[in-house]
Every structure is written in C-alpha cells, then in structure tokens.
Amino acid sequence: MRAANYNPKLRLQLMIILLLLALISNIFGSYFTRFFIAEITILSIFAMSLDFIASRGGMISLGHAMFLGIGAYASAILTINYGISPFSSTLYTFLVGAIIGIIIGYFIVLLDGIFFIMVTLALGEMFNAWVFTSDYLGGSDGISGILRPNFLILGIDMNNPLIFSFYTILWLLGIYFILTKITDSPLGRNLDAIRQNKDRISAIGGYTKAYKTIAFALSAGVASIAGSLYVQLNGFISPELTHWTVSGEGLIMIIVGGIGSISGAILGATVVHIIQHELSNIINWWMLVIGFGFIFIVLFMKDGLWGLLEQIQKRLR
Amino acid sequence: MSLSLNNINKTFGSVKVLNNVSINSIKKECLGIIGPNGAGKSTLFKVISGNLKQDTGDIFFNDSNINNLNIEKRARLGISQSFQKNSLFSEMTVKESLMLALSHKYKITFNILHSLLDNKTINIDAKTIAKDTGLLDYLDIKSDNLAYGLQRQLELGIAIACNPKLLLLDEPTAGMSPAETKGIIILIKNLSIKYSIIIVEHDMDVIYELADRIYVLDRGSLIFEGDAKSVKESKLVQKIYLGI
C-alpha cells in the first residue's frame, strides 16, 4: 500500500500553518466558527488515528467508528453514571479503547488487505447494532446531558466555545506530538517497513504481529479520545456516530490529505469538513461534488494534498 | 556456528521434492548447494530459513532443534537470508533500509522515544555496512531507484545488518551481468571472512569461486559432496548437468 513520502520537515511546517490558521480563526471568529474549529479538531484526531494504522502497518479499518463510539459512550457512562470528571474520563477512554484494540488486534492484525477491511467492517457493524438496541446505552435515542471538563477552579470556563476549542486543539497537539515521535522511532519505522514489505521484516526477525497490535491499539485509543471529545463538544451521543460510513469519511479525509503524513490527515479533515459544510449550504447535490472531487484526487493526486505541497516545496527550493 | 539437517523429506502432492537430505556445517565456512532445475535447491533453502516446514527430519542450529521455529524466530537466532527476487523496502533509501535492519541487531525495535535516523551508533554502523557492500555513494537513493546490481548489494546489506550467525544467500547473482556478478563474488568472498554462509546457486562458476564445500542435489536427493575440484571432476555431476 502506498503512503506519502517521509518528510518530517514538511510535516512540521504544515502543522504550524494549520495551527496558526486554527488559532486565528478561533480568536477572531464567531461562536459558530469556534464550534466548527472544535469539530474539525476532533475529526482531525480521528483522521490521525486512521492515518497512523494505514501508513504504519498497512491496515485500512472500516470499523474505526466503533472506537469513536467506545470513547464517546465510555466517556458518557463514566461521567453520568460514575461521577468521574470529564477530563479524567477522556484519559480513561484512551485506556478502554487501547485495551479493546489490543484484544481485537491480536486476532486480526495479520489478516491481509480485503480480509482485514471486511473484519473491521463486521466488528464495527456489530458494535453499531449493539448500541442501537442497548437500553443501557440509550438505544436509538443515545445519551444526553454530558458535561464538559470543569476547570472553573482555574478560572477556565469550558462552556465558552473559544476555551473549549483551544482545549481540543491542545489534545490535537499532544496526540500529534506523540504520533510523530512514534512515527520517527524504531517502532514506527518498522511499522512503515511492514506496510512496504512485511515478509522482509519477518526475515530480519521482526515481531510483526506485536508491532501491528501495538499500532492498532494505539490507534484505537486515539480514536476513543476523539469520541470522548466529540461527546463533550455536543453534549450528547447518538448511535449514528458508530456507523461504518463515519469510518469511510475518515478514510476519505486521510486519502485527500495524503496517507502517512499525519499533518496531511489534519489537512484532509479540515478541507473535507469545510467543503462538506459550505457546499451543503449552497446545493442539495453536494455529495456528488464531494464524490467527484475524491475520485479526482485518487486518480491524479495519489499522495493527496500532501503530494501537492511537496511539489510546491520542491519548486520553491 | 553449527547447522545440521538430518534426513529432511518434503513432498508436494505426489512429487517428492526432498528425499532424505542431510547436510552438516560445524564451522565457519562457505557452503554451496547446486543442482539442475527442479533439484530441490529452493525448497531446501526455504526449509532452512523457515519459509517452509519439512514433512519429516530435523534441523539443528547451534545444537538446538529449530523444527518448530518460524522464519521470524530463526532470524532472531541468527539465521539471516537474502532473497533471489529482490525483497527491499521500496520507499526507503539505502541508509534508511540499513538503519532499519540495524534496529533489529541492537534490539531497539520497540523503542518509541527516539528517532531512529538520529541514532549515532546505528548511523555509523549503516555507513560501515554500506562501505562493505559497495553502497557508500548511494546512501540517500531510494531502493526502487537503484540499478538492479546495486539492489542485489542492498539485499546483502540488509541481511548482514542483522548481525547474523549464518547467512543464507539464494542465488545472489540471479539476473546480473558478468561484470555485476564479478562484483558480487568479491563482496561475498569478503563477507565469508566474517560470516558462515550457505549459498544456493544455479551458476556453477560462482559456486566454484566461493564455496569451501559443495553439496550437489538432483531430483531431491543429495548425490555428491566435496570441494570445488572434486565436484568439477565428478563424472556423476557432469552426467546430471551435461547428460554425458
């Protein structure tokens, strides 16, 4: 499976630009803009989780919305039923997602290509079916009344959209930092090598299954964090969040951004979400436009927008 | 280093591909395995490396039975291989490929705290291996962009970066020009000073130049064992190769 060129310098440059744009939009934007930024940030975290396993291990997951849902529902249950602080619940959801990721990953990470995709799809749909029918999880009505973290003791009001948006950006930065560190590390490079040639990694004594299981678990944990933040942003969770089409949208974001660049996942999430939002306000057939745009990128821009930026960078040198 | 194959048998369907093959190597040497097409050389190679499991028979490596160890576990014991068809990391440069392989030698593959490419020790080691394999001028070139002969050299480089006790080379000169073949022979001769090597080869001249001892396979059975001179002079070997 193809991934974008490994280019840590461009990765950082792109991240800085996106961060500055987010900060400026946040500070000078309206209430809605700040809410929108928070949405994009959370989607970016989800996109990074998908990007990480796609490029580190060559795993395409059509079931990752399940972990989004696990994070969201776990966060809701922990705060409402057990009185755990929302901030702590986000940390716990990482653990819950990662542990479930280890269990699932142990059995499926060595599956190849289409088999891995279909198993993740099946698992995601099983979870979706369960949450739709579970009384404990609110069934088709979902769960509402989920609060945001309370830092009033520090004079920080998380119900202020500006503050909450900055809060999500901090999470994004933390996750970005950790994922880039792992990407550059020996583990990350071996995972990248598995995507390129897993037989060779085995032949040099690599622990292929262990590496891929760790990557899957980490990705599951990150997706769960996105779910937790999502539910705190919106105050409620509905089972639609766990539908496989949400995973599909995530994959579209990372393909548009450029698989394997991490910053590209954030760029892809930003561009796709903005276009979706703006087009849906103008025309009814906006999904057709998105579809054509996606096909264009797949056919002519195999490294997505990241590839375009690389070409610009080369020309500017 | 010691490697012992005792009465190895392997059948595919109704075809007996390996028939009671026994091989021994108890010191550092370069062992050659030759035979005409269909002799079972590749199958034997795969059985030693762990890509294939034999039907019956035992394999001992440094006195441990490795029958039930897969390719990953055998590699960790020190059995490293290069492939007949190039098996490289297409998007990585020469330096990145060697450093990746070295991360296994230094057992840091689970490390997530530091950048691999910033590791000074591994950087130096990678350059040494690149020098030994004639790749010092190509460190920043992607594997896919190397000429075929250089890719074969990188194949060897990755195999030796893992600090092997035994190097398995599957037709290292496959697809190479005479000039490239000469280069690889010199390279392997230098490697044989440091490593125990088993070479499976189709090109008998290559084997005669490199191997201390040669096993000759024909239709799954070992028919001859000896040094290059005795193999060249063997009427039996001449018969199976030349039909005379």
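Each chain gets a letter, A, B and so on, in the order its sequence line appears, and its residues count up from 1.
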* To do: Determine, for B:Glu96 against A:Arg189, whether the closest basic-nitrogen to carboxylate-oxygen distance falls under 4.0 angstrom.
  =>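 Salt bridge: yes.
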
* Ion pair B:Glu155/A:Arg200, N-O distance below 4.0 Å ->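 Answer for the salt bridge query: yes.
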
* Checking heavy atoms, do the side chain of A:Thr208, its backbone, both or neither come under 4.5 Å from chain B? ->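 Answer is both: backbone and side chain atoms of A:Thr208 are under 4.5 Å from chain B.
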
* Where on A:Ile178 is there a heavy atom nearer than 4.5 Å to chain B: the side chain, the backbone, both, or neither? ->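 The answer is neither part of A:Ile178.
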
* Rounded distance [0.5 Å steps], NZ in A:Lys181 versus CD1 in B:Ile112 ->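 With rounding to 0.5 Å, NZ (A:Lys181) is 9.5 Å from CD1 (B:Ile112).
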
* Spacing of NE2 belonging to B:His104 relative to CD1 belonging to B:Ile158, to within rounding of 0.5 Å ->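 B:His104 NE2 to B:Ile158 CD1: 10.5 Å, rounded to 0.5 Å.
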
* Any A:Trp171 side-chain heavy atom under 4.5 Å of A:Thr41 side chain ->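 Side chain of A:Trp171 against side chain of A:Thr41, heavy atoms only: no contact under 4.5 Å found.
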
* Asked: For the residue pair A:Phe216 and A:Phe67, does the interplanar ring angle fall in the parallel (under 30°), tilted (30 to 60°) or perpendicular (over 60°) class?
  ->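 Plane angle over 60°, so perpendicular.
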
* To do: Give the member of B:Glu91, B:Met92, B:Met99 that has the highest number of heavy-atom pairs under 4.5 Å with chain A.
  =>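 Answer, by heavy-atom pair count under 4.5 Å with chain A: B:Glu91.
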
* **Most chain A-contacting option - heavy-atom pairs closer than 4.5 Å, from B:Ser87, B:Gly50, B:Ala75** =>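 Greatest number of close heavy-atom pairs with chain A: B:Ser87.
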
* So which of A:Asp184, A:Asp192, A:Thr180 has the largest heavy-atom pair count under 4.5 angstrom toward chain B? ->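 Heavy-atom pair counts peak at A:Asp184.
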
* Asked: Among A:Ala210, A:Gly206, A:Pro8, A:Gly188, which residue forms the greatest number of heavy-atom pairs with chain B at distances under 4.5 Å?
  ->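 Greatest number of close heavy-atom pairs with chain B: A:Gly206.
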
Residue [X] versus chain A: region with a heavy atom under 4.5 Å:
| X | answer |
| --- | --- |
| B:Ala161 | neither |
| B:Tyr106 | neither |
| B:Leu77 | neither |
| B:Lys105 | neither |

* Between A:His64 and A:Ser219, is any side-chain donor less than 3.5 angstrom from a side-chain acceptor? ->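 Per modelled atom types, A:His64 and A:Ser219 side chains form a pair under 3.5 Å.
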
